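Chain A is the first sequence line, chain B the second, and so forth, proteins listed ahead of strands; every chain is numbered from 1. These figures come from a predicted structure and were not determined experimentally.
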Protein chains: 2
Amino acid sequence: MAPTKAPDSSRRSDRSRRAILDAALALVTEVGYRRTTIEGIAARAGVGKQTIYRWWPSKAAVLMDAFLDLAGRSAEGVAAESESAGEPDEGEQAPGIPDTGDLVADLKLVLRATVDELNDPVLEAPTRALTAEGIVDAKLGAAFVHKLLDPQLALYVTRLRAAQEAGDVRADVDPRIALELLIGPLMHRWLLRTLPLTHAYADEIVEYAVGGLAPRP
Amino acid sequence: MAPTKAPDSSRRSDRSRRAILDAALALVTEVGYRRTTIEGIAARAGVGKQTIYRWWPSKAAVLMDAFLDLAGRSAEGVAAESESAGEPDEGEQAPGIPDTGDLVADLKLVLRATVDELNDPVLEAPTRALTAEGIVDAKLGAAFVHKLLDPQLALYVTRLRAAQEAGDVRADVDPRIALELLIGPLMHRWLLRTLPLTHAYADEIVEYAVGGLAPRP
DNA sequence: CGCACGAGCCGATACGTATCGTCTTGCAAT
DNA sequence: ATTGCAAGACGATACGTATCGGCTCGTGCG
């Protein structure tokens with residue numbers, strides 16, 4: 001009763017894997033998550049359906065891998081470009097949050113970048129699809145948080161810890177909560193589309209939040 | 001140019017309507033949104049499929065109405081309780097945020113109630129399903145925000161305006177942004193399940209947020 | 001008044017389509 | 001020879017539409 005016929009990953013076709021990931025991402029941005037089907041992905045990738053079902057348990061899982069793949073390549077691209085470009089671009093996750101000593105300015109920079117990312121039409125559809133799926137499916141949501149969100153949040157924690165040591169933030173503040181004070185409102189507005197998500201909004205959130213975290217004179 | 005659309009709502013069977021709404025809500029909490037089907041709702045409600053398609057355009061729309069219905073009845077229940085508690089004639093509609101003069105205490109009360117609501121197993125599944133659907137489907141999301149969220153948020157705006165007149169909040173603060181500083185983190189934690197959603201968390205959010213909104217001495 | 005009559009909703013169900021996830025078949029690679 | 005792969009047939013659901021009698025109204029004639 002072999003419960004799981006473990007596929008031999010050493011024999012896996014990387015060519016098919018990439019084609020599947022690319023096709024999934026393309027279809028999601030083109031026709032939306034609802035109307036992208038496994039069969040559609042297989043057809044676009046020039047791949048048999050079984051090749052998808054062999055390696056992924058669900059459409060959401062495929063999209064998650066595709067998204068991780070995109071994030072990885074995007075990070076590489078930005079890192080390479082930022083050397084020749086004069087102005088810093090968006091999506092500067094890998095190196096962490098800058099620490100110029102000015103907490104407000106640093107956070108504004110990062111939150112503005114996050115705003116740009118969320119407003120990026122290429123990233124919007126897949127991100128919304130994954131987030132929505134994770135909200136309903138606890139298992140997938142946990143994977144999403146663990147693989148994509150937590151690493152980001154950890155950057156805030158280190159920056160906020162530094163701010164505490166510098167005396168910009170009270171010592172009794174929990175960084176895990178402080179960070180949610182910053183990105184919670186951003187995500188809320190983006191997810192529910194209550195009002196436009198702008199740089200000005202990010203700036204105000206930073207100012208209000210840091211005001212509540214700063215030492216009381 | 002819509003000759004086919006115009007069911008006579010005066011002849012509508014309220015019995016069927018209720019049965020459909022109840023069945024939809026029950027199925028969503030029992031088997032989840034994904035696996036509740038229109039056919040399943042019809043069968044459970046003892047109703048023809050066409051009776052659902054006649055009055056609602058989609059599964060999400062049915063669930064939205066079911067949810068509004070639930071919220072309405074729940075509000076009545078609360079009103080009935082508070083009546084026997086001593087208040088002879090309380091308005092049956094939205095009670096609003098209390099104003100005891102202590103902004104922090106008032107907000108903690110309301111945010112704790114919101115936490116309890118979000119953790120209520122009866123409300124959780126339908127709320128998650130509707131929110132997730134709204135995140136992906138902009139049209140439905142707008143309806144969700146307009147019918148369910150905005151009325152709630154308006155209560156915060158009035159309370160925060162009062163706080164501004166009382167001098168507890170700076171006059172240059174936009175209440176629409178201040179309110180998101182409060183509920184954004186709550187929703188963020190609930191939606192993404194990063195950490196448990198507790199009263200203690202609600203309290204800290206209120207303290208940090210109000211600290212950032214208060215007049216600077 | 002009273003009672004047929006027709007309009008329209010209702011429960012039920014058949015229908016064609018879409019998508020799912022599994023299974024089968026050759027083929028290519030190793 | 002073994003195993004992944006492309007292609008697609010297959011049964012199972014669920015969708016949304018189209019009808020079919022049955023039932024409940026409001027209307028108008030007697």
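- Although no hydrogens or angles enter the test, the distance criterion places a donor-acceptor pair under 3.5 Å between the side chain of Arg159(B) and the main chain of Pro98(B).
- Close to dC10(C), at under 4.0 Å from its OP1 or OP2, lies a side-chain N or O of Arg54(B).
- Here the options are Ile205(A), Thr194(A), Val115(A), the test is side-chain contact (heavy atoms from CB on, under 4.5 Å), and the partner is Arg189(A); only Thr194(A) passes.
- The existence of a salt bridge linking Arg34(A) and Asp137(B) is excluded, since no basic side-chain nitrogen approaches an acidic carboxylate oxygen closer than 4.0 Å.
- Ion pairing between Arg44(A) and Glu30(A) holds under the 4.0 Å rule for side-chain N and carboxylate O.
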Where do N or O atoms of nucleotides 20-25 of chain D meet protein N or O atoms at under 3.5 Å, pair by pair?
unit_1, atom_1, unit_2, atom_2, d
dT24(D), O2, Arg11(B), NH2, 3.0

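- For Thr51(B) and dG11(C), the shortest distance from a side-chain N or O to OP1 or OP2 is below 4.0 Å.
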Heavy-atom protein contacts under 4.0 Å, nucleotides 11-18 of chain D, coded B base, S sugar-phosphate only, - none
---BBBBB
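- Ionic pairing of Arg18(A) and Asp69(A) is present here: one or more N-O contacts between side-chain nitrogen and carboxylate oxygen are shorter than 4.0 angstrom.
- Contact check, Ser16(B) against dG11(C): a side-chain N or O comes under 4.0 Å of OP1 or OP2.
- Regarding Ile52(B), its CD1 atom lies at a distance of 16 Å from the P atom of dC9(C), rounded to whole Å.
- Whole-Å rounding puts the Trp55(B) CH2 to dG11(C) C1' distance at 15 Å.
- Between Lys59(A) and Glu133(A), no side-chain nitrogen of the basic residue sits less than 4.0 Å from a carboxylate oxygen of the acidic one, so the salt-bridge criterion is not met.
- A salt bridge links Asp203(A) and Arg112(A); the closest N-O separation between the charged side-chain nitrogens and carboxylate oxygens is under 4.0 Å.
- Here dG11(C) presents its P atom at 16 Å from CZ of Arg44(B), a figure rounded to the nearest Å.
- Under 4.0 Å is where a charged nitrogen must lie from a carboxylate oxygen, and between Arg128(B) and Glu124(B) at least one such pair does.
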